[in-house]
Amino acid sequence: MIEVENYFSHNEMLFINALNQSLSSKYDLNGRVIDNGGFVRYEVSIGAKEDDAELILQFCLRDEEDADEGFCNFVHISNILVPRQYKGQLIATIIITIMSFVANKQIGIGFYITGIVNDRWKESLIQMGGIEDESGDVEIVYDIWIQYLEYKLNNLGYLQQVKQ
């Protein structure tokens, strides 16, 4: 079970609920979602307790324009940490797909992966349809992204969950 420990806005809860629903259908999850200084932070154990496998996801939603701070209608992931034993199972890809769907289709805002330090991962995001901006962040547009992933996600049964 994933405990939501703080108050989150309606739009933040759209992301939290979509992630919880999709990931818990495939994995045994236990942990919490907290407010970490304006960021939504997942701290979730995956699988059996003896695996000691923690998934960490941190994202920030700016869904109201704030001219003083220069923010305007976007969500960005600043951290995804997938446990080593779960690499290659497309967890990060599933998270990105779910979050881009919620951002682009349900809320109508942009979705970015920011502060990418792994050049190989950044290149793979771009090859899969991500668009690099002038600051080096990668925008994920759901309609473009899903074209590259549709076959893979259909085979894993995730696409139907994302579209619901």
Side-chain angles (χ1 to χ4, degrees), residues 2-27 29 31-44 46 54-64 71-83 86-118 121-133 135-150 152-154 156-164:
I2 299 173
E3 295 179 34
V4 178
E5 295 190 1
N6 299 92
Y7 170 79
F8 293 100
S9 72
H10 171 76
N11 284 347
E12 287 170 328
M13 287 304 299
L14 288 174
F15 288 101
I16 291 167
N17 291 335
L19 289 164
N20 287 347
Q21 179 182 0
S22 185
L23 293 174
S24 64
S25 72
K26 179 103 171 131
Y27 300 100
L29 302 176
R32 63 190 187 150
V33 181
I34 62 172
D35 181 341
N36 188 27
F39 286 83
V40 177
R41 183 173 174 91
Y42 269 75
E43 297 172 350
V44 179
I46 298 178
E54 188 169 52
L55 167 71
I56 295 177
L57 167 65
Q58 185 165 283
F59 66 92
C60 182
L61 175 64
R62 300 287 188 224
D63 58 350
E64 296 178 14
F71 296 119
C72 62
N73 299 330
F74 68 91
V75 64
H76 71 93
I77 291 177
S78 60
N79 190 353
I80 297 180
L81 178 62
V82 177
Y86 288 90
K87 295 216 188 257
Q89 294 187 29
L90 302 175
I91 293 174
T93 303
I94 299 305
I95 289 169
I96 292 167
T97 303
I98 291 165
M99 292 189 70
S100 67
F101 177 81
V102 172
N104 294 170
K105 298 297 186 178
Q106 292 184 332
I107 301 174
I109 60 176
F111 176 66
Y112 295 84
I113 313 293
T114 62
I116 302 171
V117 295
N118 181 330
W121 189 52
K122 183 178 192 175
E123 286 304 315
S124 72
L125 290 171
I126 294 167
Q127 287 175 354
M128 294 165 66
I131 304 162
E132 186 174 10
D133 68 14
S135 64
D137 298 331
V138 177
E139 181 179 12
I140 305 296
V141 176
Y142 178 80
D143 289 336
I144 296 169
W145 177 260
I146 202 66
Q147 289 176 22
Y148 290 93
L149 299 178
E150 205 161 28
K152 196 179 283 190
L153 294 175
N154 265 329
L156 294 175
Y158 281 105
L159 191 58
Q160 292 307 316
Q161 293 171 19
V162 171
K163 288 183 176 177
Q164 290 179 356

Is there side-chain contact between L57 and R41, with heavy atoms separated by less than 4.5 Å?
-> no
I56 CD1 to E43 CD distance, which is reported to the nearest 0.5 Å | 6.0 Å
Can you find a heavy atom in the side chain of V141 that is under 4.5 Å from one in the side chain of W145?
-> no
Student check: side-chain heavy atoms of I46 and L29 closer than 4.5 Å | yes
Rounded to the nearest 0.5 Å, how far does OG1 of T93 lie from CD1 of I91?
-> 10.0 Å
Pairs satisfying salt bridge (charged side-chain N to carboxylate O under 4.0 Å, His left out), at least one member in residues 101-115, at least two apart | K105-D143
Taking all non-hydrogen atoms of both residues, which atom of G38 and which atom of C60 are closest, and how far apart?
-> O-SG, 3.7 Å
Where do V138 and G130 come nearest, in terms of heavy atoms and distance?
-> CG1-CA, 3.7 Å
Carefully, step by step, assess F8 and D35 under the rule side chain to side chain contact (heavy atoms under 4.5 Å, CB included).
-> CA-CA 8 Å; F8 293 100; D35 181 341; 4.1 Å; yes
Does Q89 reach the side chain of Y27, with side-chain heavy atoms less than 4.5 Å apart?
-> yes
Rounded distance (nearest 0.5 Å) linking atom CZ of F101 with atom CD1 of I146 | 9.5 Å
Contacts of F15 meeting ring pair (Phe, Tyr, Trp, His ring centres under 6.0 Å) (sequence neighbours excluded), chain-then-number -> F59
Apply the side chain to side chain contact (heavy atoms under 4.5 Å, CB included) test between M99 and each candidate in I113, L19, I140, L61; give the one that qualifies.
-> L19
Shortest non-hydrogen pair, Y148 vs G129, comes out as CE1-CA, 3.7 Å
Answer whether the closest heavy-atom distance between the side chains of I77 and F111 falls below 4.5 Å.
-> yes
Spacing of CD belonging to E132 relative to OH belonging to Y112, to within rounding of 0.5 Å | 12.5 Å
Rounded to the nearest 0.5 Å, what separation is found between the CD1 atom of I96 and the CG atom of L125?
-> 5.0 Å
Is it true that a side-chain atom of K122 and a backbone atom of D137 form a donor plus acceptor pair closer than 3.5 Å?
-> no
Looking at OG of S22 and CG of N17, how far apart are the two atoms once the value is rounded to the nearest 0.5 Å?
-> 12.5 Å
Looking at G110 and A103, what are the two nearest heavy atoms and their distance?
-> O-CB, 4.2 Å
Report yes if some heavy atom in the side chain of V40 is under 4.5 Å from a heavy atom in the side chain of V33; otherwise report no.
-> yes
Without hydrogens or angle criteria, can the side chains of S135 and D133 be said to hold a donor-acceptor pair below 3.5 Å?
-> yes
Answer whether the closest heavy-atom distance between the side chains of I109 and N104 falls below 4.5 Å.
-> no
Shortest non-hydrogen contact between Y42 and I2, atoms and distance | CE2-CD1, 4.5 Å
Which is it for E3 and R32 under the salt bridge (charged side-chain N to carboxylate O under 4.0 Å, His left out) test, yes or no, and what are the steps along the way?
-> CA-CA 5 Å; E3 295 179 34; R32 63 190 187 150; over 6 Å; no
Heavy-atom donor-acceptor pair, Q147 side chain to I144 backbone, under 3.5 Å | no
Are the side chains of W121 and I116 in touch, meaning some heavy atoms are under 4.5 Å apart?
-> yes
